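As the structure is a prediction and not an experimental result, all values here were calculated from the model. Residues take their numbers from the sequence shown, with the count starting at 1. Hydrogens, waters and symmetry mates play no part in the numbers below; they use all other heavy atoms, side chains included.
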Amino acid sequence: MASVSNLPLACQNARMENRDSPGTGVAWSRYALALAAGVVAGWVATMIGLPLPWMLGPMIANTALSLAGAPVACPVVLRPLVIPVIGLMLGSGFQPEVFSRLGEWVVTLLTLPLFILIAGATSFVFYRRIGGYDRVTAYFSAMPGGFNEMIMLGEEAGGDDRKIAMAHAIRILFVVSFVALFFGLFLGVRSGGGTATWIGFVDVSLLQAAALLVCALAGVLLGRALRFPAPNLLGPMVLSSVAYMTEVVTTPPPTLIVVLAQISVGTIIGTRFVGTRFSDVRRDLVLGCGAALLAIFVALGIAECVVLVTGAPISQVFLAFSPGGLTEMSLLAVALDQDIAYVATNHVARIVLVIFAAPLVFRLLRRSFKQKLPR
């Protein structure tokens, strides 16, 4: 899982190309251009009826601009502001009745290790046999989660960190795009910007707004103190979920904030490819899409099995297994009016399992990798 306190590695790679420090006027102008393109693309996506328009539009537009060499930059400076807000939104999905549905969650959580094993093994074979990647690079590229962690571990183990970074960036981009289109075109689920009813700032009382602000600020401190993965997201999510389940807070965050968060996250995903020329990474892009598609098929197959056991909606279970980023998939749950608590909990569990299990499994395989690595 990409830590909010660390600069996303793909953005670090991009920064080596444009060489503009985050605080300079040139950098801010590039941030502004990327965000402006995101707003326009989100509006266009809304007009044409694209699913999840305020996230998918900015993501597609900025990916195209980045690969074309346009003067945009990854606005990573927004993450410390946006991520706690997303944590509050996710917490709003934990309503008092959530306890009555815990039985459905158990089956999904118990099935997660099987999904990680099958999806990881399938992608590993794909990167090895089709892509020709060395074993270390293929292994860390194939993991269905842990963006920054897999890049750093893979580099330390002797893998190609740029290929691993590309694989995970493409996984998130492809999965988010595919899932949003799948919901819109095949399941008929549309997004109205993140909530079924528009929530204005005046709809949130001063007392509830103050409680949410406390959850955001104290949650970040709590997450860091307890060493949560993604502390800026999970800390506010934990505290706000307690506030909503105890009904201290009853109104969701304003819809405009939800939309702005989607624009910001979509823009950040798209601008991960700044400094990357399409001609140089065309093959890696295709391989990343192929591996992501395989993981999606695995997710869909396992989701169908869970549906047979629990009777839960396929849309909800499929979203819980889809191997995108925690922030991105949770925003999808918000925007597509799915069970936020269920989806977010499963993605937290998936990414934590990957982060802890992948290094342990790699240690077991390391001797074999070292013996068989090509010269």
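The hydrophobic cluster around Val248 extends to Leu88, Leu212, Tyr244, Val249, counting ILVMFWY residues whose side-chain heavy atoms fall within less than 4.5 Å of a member. Grouping Ile, Leu, Val, Met, Phe, Trp and Tyr residues whose side-chain heavy atoms lie under 4.5 Å apart, directly or via other members, places Tyr133 in a hydrophobic cluster with Phe126, Tyr127, Ile130, Leu287, Leu294. Residues near Leu207 contribute nothing to a hydrophobic cluster around it, because no ILVMFWY side-chain heavy atom sits closer than 4.5 Å to its side chain. By the 4.5 Å side-chain criterion applied to Ile, Leu, Val, Met, Phe, Trp and Tyr, Leu221 is assigned to no cluster and stands alone.
Within the 4.5 Å cutoff, the side chain of Glu155 has no heavy atoms near those of the Phe140 side chain. Side-chain contact between Ile296 and Phe321: absent, with no pair of heavy atoms (C-beta onward) separated by less than 4.5 Å. Annotation: side chain of Thr63 is in contact with side chain of Leu173 (closest heavy-atom distance under 4.5 Å). Between Leu285 and Met166 there is a side-chain heavy-atom pair separated by less than 4.5 Å. Side-chain contact check for Trp54 versus Leu260: every heavy-atom pair is 4.5 Å or farther apart. Annotation: side chain of Met329 is in contact with side chain of Val175 (closest heavy-atom distance under 4.5 Å).
Judged as a side-chain contact (heavy atoms from CB on, under 4.5 Å), and not counting sequence neighbours, the contacts of Val307 are Ile314, Val317. Scanning for side-chain hydrogen bond (donor to acceptor under 3.5 Å, both in side chains) contacts around Ser264 gives an empty result, with sequence neighbours left out. In this view, Pro71 and Arg30, Leu33 satisfy the side-chain contact (heavy atoms from CB on, under 4.5 Å) rule, not counting sequence neighbours. Residues satisfying the side-chain hydrogen bond (donor to acceptor under 3.5 Å, both in side chains) test with Thr250, not counting sequence neighbours, are Gln208. For Val40, the side-chain contact (heavy atoms from CB on, under 4.5 Å) partners are Val44, not counting sequence neighbours. Legend: residues meeting side-chain contact (heavy atoms from CB on, under 4.5 Å) with Ser66, ordered by chain and number and at least two apart, are Val72, Thr271, Phe273, Val274.
Linking Ile, Leu, Val, Met, Phe, Trp and Tyr whenever their side-chain heavy atoms come within less than 4.5 Å puts Val136 and Val361 in one cluster. Under a hydrophobic-cluster definition in which Ile, Leu, Val, Met, Phe, Trp and Tyr are linked whenever side-chain heavy atoms come within less than 4.5 Å, directly or via other members, Val265 and Leu81 are assigned to different clusters. Side-chain heavy atoms closer than 4.5 Å link hydrophobic residues (I, L, V, M, F, W, Y) into clusters, and following such links, even through other members, never connects Met89 to Val214. In this structure, Leu217 is not a member of the same hydrophobic cluster as Leu90, with clusters built from ILVMFWY side-chain heavy atoms closer than 4.5 Å. Ile263 and Met47 end up in the same hydrophobic cluster when Ile, Leu, Val, Met, Phe, Trp and Tyr side chains are linked at under 4.5 Å.
Residue pairs meeting the side chain to side chain donor-acceptor pair (under 3.5 Å) criterion with at least one partner in residues 170-179, sequence neighbours excluded, are His168-Arg171.
Ring geometry, Trp28 versus Tyr31: the interplanar angle exceeds 60°, so the pair is classed perpendicular (tilted spans 30 to 60°). Aromatic ring pairs are classed by plane angle as parallel below 30°, tilted from 30° to 60° and perpendicular above 60°; the pair Tyr139 and Phe362 is tilted.
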Acceptor/donor pairs from residues 116-123 side chains to any protein atom, 3.5 angstrom cut, sequence neighbours excluded:
residue: Thr122; atom: OG1; partner: Ile118; partner atom: O; Å: 2.7
residue: Ser123; atom: OG; partner: Ala119; partner atom: O; Å: 3.1

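Other residues, nucleotides and ligands place no more than 12 heavy atoms under 6.0 Å from the CG atom of Leu206.
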